[in-house]
There are 2 protein chains.
Amino acid sequence: MFTSSEENYLKAIYHLGITSNKGVSTNAIAKRLRTKASSVTDMVKKLADKNVLVYRKYQGVSLTKEGNKTAANIIRKHRLWEVFLVEKLNFNWDEVHDVAEQLEHIKSPKLINELDALLGFPKYDPHGDPIPDNEGNLDQIEKSLLATLTINEFGICVGVHDSSSTFLQFLDKQKIALGQEITVIEKEDFDGSMTIKINNKKISISNKIANNLYIQKVQNGQ
Amino acid sequence: MFTSSEENYLKAIYHLGITSNKGVSTNAIAKRLRTKASSVTDMVKKLADKNVLVYRKYQGVSLTKEGNKTAANIIRKHRLWEVFLVEKLNFNWDEVHDVAEQLEHIKSPKLINELDALLGFPKYDPHGDPIPDNEGNLDQIEKSLLATLTINEFGICVGVHDSSSTFLQFLDKQKIALGQEITVIEKEDFDGSMTIKINNKKISISNKIANNLYIQKVQNGQ
DNA sequence: AAATATTTTTAGTCTTGTCTAAAAATAAAT
DNA sequence: ATTTATTTTTAGACAAGACTAAAAATATTT
Ligand SMILES: [Mn+2]
Ligand SMILES: [Mn+2]
Ligand SMILES: [Mn+2]
Ligand SMILES: [Mn+2]
């Protein structure tokens with residue numbers, strides 16, 4: 001079907017296409033895949049021939065319906081494997097990404113369906129990212145960056161924006177994990193840092209941290 | 001470290017080297033990997049440069065200590081994944097090989113060690129083949145081809161020589177599985193077929209079948 | 001031992017995916 | 001509206017891994 005390299009391009013374009021409604025630029029793809037723009041142009045032509053994306057010279061690319069589904073399926077595999085590594089193989093959430101990058105390219109529909117079942121059909125991966133279903137649909141929950149909350153607002157920590165291992169290890173050190181309740185106590189105008197209550201303790205976090213934590217606001221406020 | 005292609009060559013040479021004490025021939029490798037002799041020559045030179053095998057023109061190749069260990073490690077991964085697929089993901093023993101061929105190339109020491117633990121440190125794969133330990137050692141049990149047993153000899157079915165899906169599916173149909181006791185009732189000189197007792201039933205099997213089933217003879221005969 | 005057959009190697013080509021350097025198109029600045 | 005800067009594409013090259021066809025070495029027959 002598709003080579004690992006082709007799959008990586010599709011995945012990159014999928015992720016970059018979520019934000020922008022315009023075509024995804026050659027340079028953006030090159031940057032994300034740590035490759036050169038010229039390589040991207042070559043590959044993009046090949047993928048256009050395979051009808052998974054449309055490409056207009058100098059105008060960037062966008063995935064077709066089929067390309068979108070293919071990309072979502074790779075992401076589905078990536079995230080399911082991440083759940084497996086954490087839930088079954090005692091990996092920490094900062095250790096899973098690189099291995100999942102390899103496992104996502106394994107070809108076997110039965111494998112991934114059975115894995116899904118073994119894990120109890122999880123809806124989110126260890127970083128709080130939604131797992132697409134077999135059709136490529138994923139349910140988007142209402143979540144906000146912690147930095148956007150105002151004083152006294154609170155909610156559940158449901159995801160990370162940056163999932164680099166340095167950030168995740170930092171969160172481990174601060175005992176911040178998904179599922180925990182976070183309340184905004186104070187916000188500093190000067191540097192955007194805030195004091196939050198978590199685990200019944202007050203801690204201070206920088207603006208950069210607050211901009212990388214997703215919170216699901218609690219509706220029926222107490 | 002090694003590419004998937006290099007790993008497949010090492011594995012092939014390992015398997016072919018077990019029987020012969022001489023160098024493994026270019027043609028034998030080509031046949032096993034369904035490639036051409038000229039391709040083998042190229043690759044074999046590259047692997048010799050990497051010190052995993054010794055190559056003398058026209059004399060075939062043999063693995064070095066390091067090559068042997070590398071090959072055994074790939075086989076360890078292959079067989080552990082096969083156990084995983086059968087034990088955890090409801091695969092039948094005739095469905096696992098092709099997926100394991102892909103999974104064996106995933107690079108992550110932690111992954112394979114944790115998988116080993118999850119499975120309870122199995123010693124044999126679903127086809128009765130031994131799983132090498134981390135050092136590449138594997139315990140060889142005493143086993144004989146069913147065809148070599150004489151009348152009234154009996155033992156436990158512990159492995160298959162041919163693990164093609166057609167053969168495995170045939171065994172399923174005949175309700176022959178690993179772990180079952182088999183007793184030789186009768187042998188026909190004419191075609192080498194035999195009548196055996198299994199599951200308290202007598203069935204007749206051809207010489208070809210008997211030459212592909214491994215039996216561990218029971219010592220303390222009853 | 002010479003002739004024939006088989007195996008193995010060499011030489012040259014191809015595809016995939018990458019790269020650099022230069023040319024062309026588009027965007028931003030004056 | 002030009003000029004300048006940035007982005008994108010083209011052209012040409014390279015490494016990995018495979019292939020075909022031909023040459024060379026080894027094995028087998030006669
Ligand atoms: Mn990931
Ligand atoms: Mn993730
Ligand atoms: Mn196998
Ligand atoms: Mn096996």
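Sequence lines set the chain letters: A, B, ... in the order given, protein chains first and strands last, and positions in each chain run from 1.
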Please determine if a side-chain N or O atom of [X] lies less than 4.0 Å away from the OP1 or OP2 oxygen of [N].
| X | N | result |
| --- | --- | --- |
| B/Lys57 | C/dT10 | yes |
| A/Tyr58 | C/dA23 | no |
| B/Ser25 | C/dT7 | no |
| A/Ser5 | C/dT18 | yes |
| A/Tyr9 | C/dT18 | yes |
| B/Asn27 | C/dT6 | no |

With a 4.0 Å cut-off on heavy atoms, is [X] in touch with a base, just the backbone sugar-phosphate, or nothing at all?
| X | value |
| --- | --- |
| B/Thr26 | sugar-phosphate |
| B/Lys31 | nothing |
| B/Thr41 | base |

Take atom [atom1] of [X] and atom [atom2] of [N], then tell me their distance rounded to the nearest Å.
| X | N | atom1 | atom2 | result |
| --- | --- | --- | --- | --- |
| A/Arg56 | D/dT7 | CZ | C1' | 16 Å |
| A/Lys36 | C/dC19 | NZ | P | 6 Å |
| A/Gln59 | D/dT6 | CD | P | 20 Å |
| B/Lys45 | D/dA16 | NZ | C1' | 15 Å |
| A/Ile29 | C/dT18 | CD1 | P | 12 Å |
| B/Met43 | C/dT10 | CE | P | 16 Å |
| A/Asp42 | D/dG12 | CG | P | 14 Å |
| B/Lys22 | C/dT7 | NZ | P | 14 Å |

A/Ala37, nearest nucleotide to its side chain (from D/dT9, C/dT10, C/dT26):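 From the listed options, D/dT9 comes nearest.
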
Under 3.5 Å donor-acceptor pair, B/Ser38 side-chain atoms to D/dT20 base atoms: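 Present.
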
A/Asp191 and A/Ser193: side chain donor to acceptor below 3.5 Å: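 A donor-acceptor contact under 3.5 Å links the two side chains.
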
Salt bridge A/Glu153-A/Lys187, side-chain N to carboxylate O under 4.0 Å: no

Parallel, tilted or perpendicular: ring planes of A/Trp81 versus A/Phe84, cut at 30 and 60 degrees: perpendicular

Geometric class of the A/Tyr214/A/His161 ring pair [parallel <30°, tilted 30-60°, perpendicular >60°]: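 Rings of A/His161 and A/Tyr214: perpendicular, over 60°.
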
Polar side-chain atom of B/Glu114 near backbone of A/Phe91 as donor-acceptor pair, under 3.5 Å: no

